[in-house]
Amino acid sequence: MGLGWEDEQKYGAGNQLDVTDNGISINTQSSDDLDVFGGIYSGQGFPLAQSAGAHYDGKWDDDKQSVNANYKIASLTINGLNDVLTQNNIPGSVSNTSSDKNYHNSVFRQKLSFVYQTKLDTSSNLKISIDGTLKHIVTDDNYSAADTINNLLVNNSTRQVSNIADQRAFNGSAFYTKKFRKPGRTLSFLVSEAYSQSQANGFLMSHINYYNPQEALDSTQVINEAKNNNLQSNIFNTNLTYSEPLTKTFTLVLNYGVGVNTASADRNTFNQSSAGNYNVLVDSLSSNYEFNQFLNHAGAVLSYKKGKLSFNFGTRVTGDHFHQIDEFTNDETDRTFIDWAPQARVEYHFSGQKMFSFAYNGTTTQPSLDQLQPVASNTDPLNIIVGNPTLTPAFTNTFNVMYRSYKVLTDQFFGVYGTYSFISDPIVNHINYDLNTGKSVSEYFNLPGKQTTNFNGGLNFGRKFKDLGGLNIGVGLNVNGNTYYNYSNDSLNMSKNYVFNPTLIFSIYKDRKINFYVSGGPTYTISQTSLQPNINNNGWGARADVDGTIYLPGKFQIGTYSNYQYNGATESFHQTFSQVIFNPFIIKTFLKNDNLSVELWANDLLNQSSGFSRVAQGNLITQTSYNTLKRYFMLTINYDFTKMAVGAAK
């Protein structure tokens, strides 16, 4: 469904330019309280994908001017079923939820993009990019669930969320670059605008049964509501960058820009005045906000490069002023912050095949509007989320270190890498649970004095053994993990999630003869919370991958890309999981240049594919099983009729 990353860039369908800032995030492409489908297939459910497109590239004026145009039309429909088991560690209690989700989602999308580039003279270029997208989205989600607390049934429920959404987006940018006579002196200017709008209309229908301590029906809650959302945003950005070589070894890069964001979020919920007539506004679930944001950002980076050593350091500072108007009450809120983004990097090359690098980045993260906005969302009536307008920014410090060396004669590689980050004043979730009904209300708060952490590191070693026919043998070790905090019924909870994964690797490559790669090893997971340390998700697992191709006489190729996965039982989930996904293929090429090929691929030949995942976050441990594509066969015929002329492709 769509092009790969390289083709996205080649054919102009990608983003071309990445322009970011540290301002407040306003998302108008989705609506969390209506469960609008994002339009992406991630392996869950059964998809039906249809797409078509047209691409044009042209150059003229001795290649000084070029144009790239694309039109793409696509539809995607997904039918799926998820089974979710969730363990919730509450102070003094354990809540377990079993839920099923049956969904039917579809999106119809059209996108038109245009890129024009021109060489104004020998030292300057101009690039103009424009694209527009239209989406029509239909979502129908059906849920059924049951909650137990300390093995006693407290509620069961059914819920349907359906909606229709229309989204439109427009992006335009102009990027000018100029190189001066003095080497290293450059000037660039970027101006961009991004407009987006989303209109959604939907319904929430919910039926909840609550049970007393004797597990007898106590009460019933029925919800039948209509919802409509109208979200829009218009973001205008400029950025001016200038680089000046101070000496042969030092270069200074300066940048300055401004950004303006105007947005609105009008969300309304209605009850019925009579059957089918939804016109009674629910004030507690409705809101209408106008947002205005003005950003001033400036930065400076000093770089040094001489011989084997290079380094740079600098910072970017952003003045962020945010103005919010509540159209219901006429209340106005102003927020002004100074965001810092320091950076530093050191790199030393001992030789052409041996180097060491260390880098640091700091970023300020503003709370999102969904975290700030004090309006409840009842899409899931048993799990209510409310905003907190008093949130302040969090700051992330990230450190990266890497060492690698390579010996050509023995084809030996050794590498060590690591990343560590910690967040000061993190924004954490505070959840209060009603142990009698199973309901929860969550709100976001800053947590001063505590830091959430995230790390990833490891080492890799490998070399070729000529005595073994050129076989490469390698070993690796990867360790990753995180530490997070949240509040559960006013008790601070710390969750730890660490994964250890040693790996053994075998590979061999001989041009037009064999290309094979095999890797695998065990995994051990530590996943537990401070509230209930004995009820954890600690356990063993394993994974192996086999990818390769063997070239046979008669222009035949056979091969596979296959994997094995195993997850052992834990204190939280008492069942094991294992599967072998065997995907073989056979290819036959024809013609002098092998530019005609016939391929037969088998996906999941053993028919064992089963969607499965286990995730720990905060005081929740979740296991998800979902339907996914199993065994199928695909016959492909490829004919490449490209003809190469001297110096150009025709």
Side-chain angles (χ1 to χ4, degrees), residues 22 86-95 341-342 358-368 371 385 388 391-402 416-433 440 442-459 477-502 522-541 567-568 570-573 613-624:
N22 293 319
T86 302
Q87 175 186 292
N88 188 350
N89 297 317
I90 307 170
S93 302
V94 176
S95 169
F358 173 83
Y360 164 78
N361 288 278
T363 55
T364 302
T365 303
Q366 298 284 355
S368 70
Q371 293 172 329
I385 301 174
N388 180 2
L391 290 174
T392 60
F395 192 84
T396 303
N397 297 276
T398 302
F399 302 87
N400 291 278
V401 62
M402 181 182 66
V416 179
Y417 64 94
T419 299
Y420 177 78
S421 67
F422 64 90
I423 302 177
S424 302
D425 289 330
I427 298 173
V428 302
N429 208 359
H430 190 150
I431 309 176
N432 284 310
Y433 299 93
S440 72
S442 64
E443 188 175 1
Y444 293 96
F445 289 89
N446 290 98
L447 187 62
K450 298 291 185 180
Q451 295 175 341
T452 61
T453 63
N454 199 321
F455 67 88
N456 180 35
L459 59 86
L477 173 65
N478 178 263
V479 180
N480 64 80
N482 56 67
T483 302
Y484 290 111
Y485 293 90
N486 72 290
Y487 276 95
S488 178
N489 281 14
D490 299 322
S491 296
L492 182 62
N493 175 59
M494 182 183 71
S495 61
K496 297 190 301 183
N497 301 284
Y498 305 148
V499 179
F500 303 88
N501 178 211
T523 63
Y524 185 74
T525 300
I526 298 176
S527 179
Q528 60 188 41
T529 67
S530 61
L531 292 179
Q532 301 277 5
N534 296 325
I535 306 175
N536 57 63
N537 195 39
N538 301 346
W540 287 95
N567 294 85
T570 69
E571 290 292 330
S572 299
F573 302 105
S613 69
R614 283 179 185 167
V615 178
Q617 185 175 9
N619 56 314
L620 299 178
I621 303 174
T622 303
Q623 176 175 292
T624 303

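All values reported here derive from a predicted model rather than from experimental measurement.
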Within the distance-only criterion (no hydrogens, no angle test), does the side chain of Ser530 pair as donor or acceptor with the backbone N or O of Met494 below 3.5 angstrom?
-> yes
Check residues 445-453 and write down every donor-acceptor pair under 3.5 Å in which the side-chain atom is one partner and the other belongs to a residue at least two apart or another chain.
from, atom 1, to, atom 2, distance (Å)
Asn446, OD1, Thr392, N, 2.8
Asn446, OD1, Thr392, OG1, 3.1
Asn446, ND2, Thr392, O, 3.0
Asn446, ND2, Thr392, OG1, 3.4
Asn446, ND2, Asp425, O, 3.1
Thr453, OG1, Thr483, OG1, 3.4

Side-chain donor-acceptor pair under 3.5 Å between Asn493 and Asn486, yes or no?
-> yes
Worked check of side-chain contact (heavy atoms from CB on, under 4.5 Å) between Leu391 and Gln366 = CA-CA 9 Å; Leu391 290 174; Gln366 298 284 355; over 6 Å; no
Atom pair OH (Tyr444) and CD1 (Ile431), whose distance is rounded to the nearest 0.5 Å = 8.5 Å
Taking only residues two or more places apart in sequence or in another chain, which ones pass side chain to side chain donor-acceptor pair (under 3.5 Å) with Asn400?
-> Thr419
Mind listing the closest non-hydrogen atom pair of Phe500 and Ile526 along with its distance?
-> CE1-CD1, 4.0 Å
With sequence neighbours left out, write down each residue that passes ring-ring contact (aromatic ring centres under 6.0 Å, His included) with Phe399, or none if nothing qualifies.
-> Tyr360
Applying side chain to side chain donor-acceptor pair (under 3.5 Å) between Thr570 and each of Asn538, Thr525, Asn537, report the one that passes.
-> Asn537
One should read off an interatomic distance between Tyr498 OH and Asn480 CG, to the nearest 0.5 angstrom, of 11.0 Å
Pair Asn88-Tyr433, side-chain contact (heavy atoms from CB on, under 4.5 Å): steps then yes or no = CA-CA 10 Å; Asn88 188 350; Tyr433 299 93; 2.8 Å; yes
For Pro522, does its backbone N or O pair with a side-chain atom of Asn501 as donor and acceptor, under 3.5 Å?
-> yes
Taking all heavy atoms of Pro342 and all of Phe395, pick out the closest pair and write down the distance.
-> CD-CZ, 3.9 Å
What distance do Tyr420 atom OH and Asn397 atom CG have between them, rounded to the nearest 0.5 Å?
-> 9.5 Å
Go through the steps for Ile621 and Arg614 under the test side-chain contact (heavy atoms from CB on, under 4.5 Å), then give the verdict.
-> CA-CA 7 Å; Ile621 303 174; Arg614 283 179 185 167; 6.0 Å; no
Side chain to side chain contact (heavy atoms under 4.5 Å, CB included) against Pro91, all qualifying residues, sequence neighbours excluded = Ser488, Asn489, Ser491, Leu531
Val479 side chain reached by Phe455 side chain, heavy atoms, under 4.5 Å = yes
Residue from Asn456, Asn497, Asn454 passing side chain to side chain donor-acceptor pair (under 3.5 Å) with Asn482 | Asn497
Contacts of Val615 that satisfy side chain to side chain contact (heavy atoms under 4.5 Å, CB included) - sequence neighbours left out | none
What pairs with Phe358 under ring-ring contact (aromatic ring centres under 6.0 Å, His included), at least two apart in sequence or on another chain?
-> none
Residue pair Ala394 / Ile423: nearest heavy atoms and the distance that separates them = CB-CG2, 3.7 Å
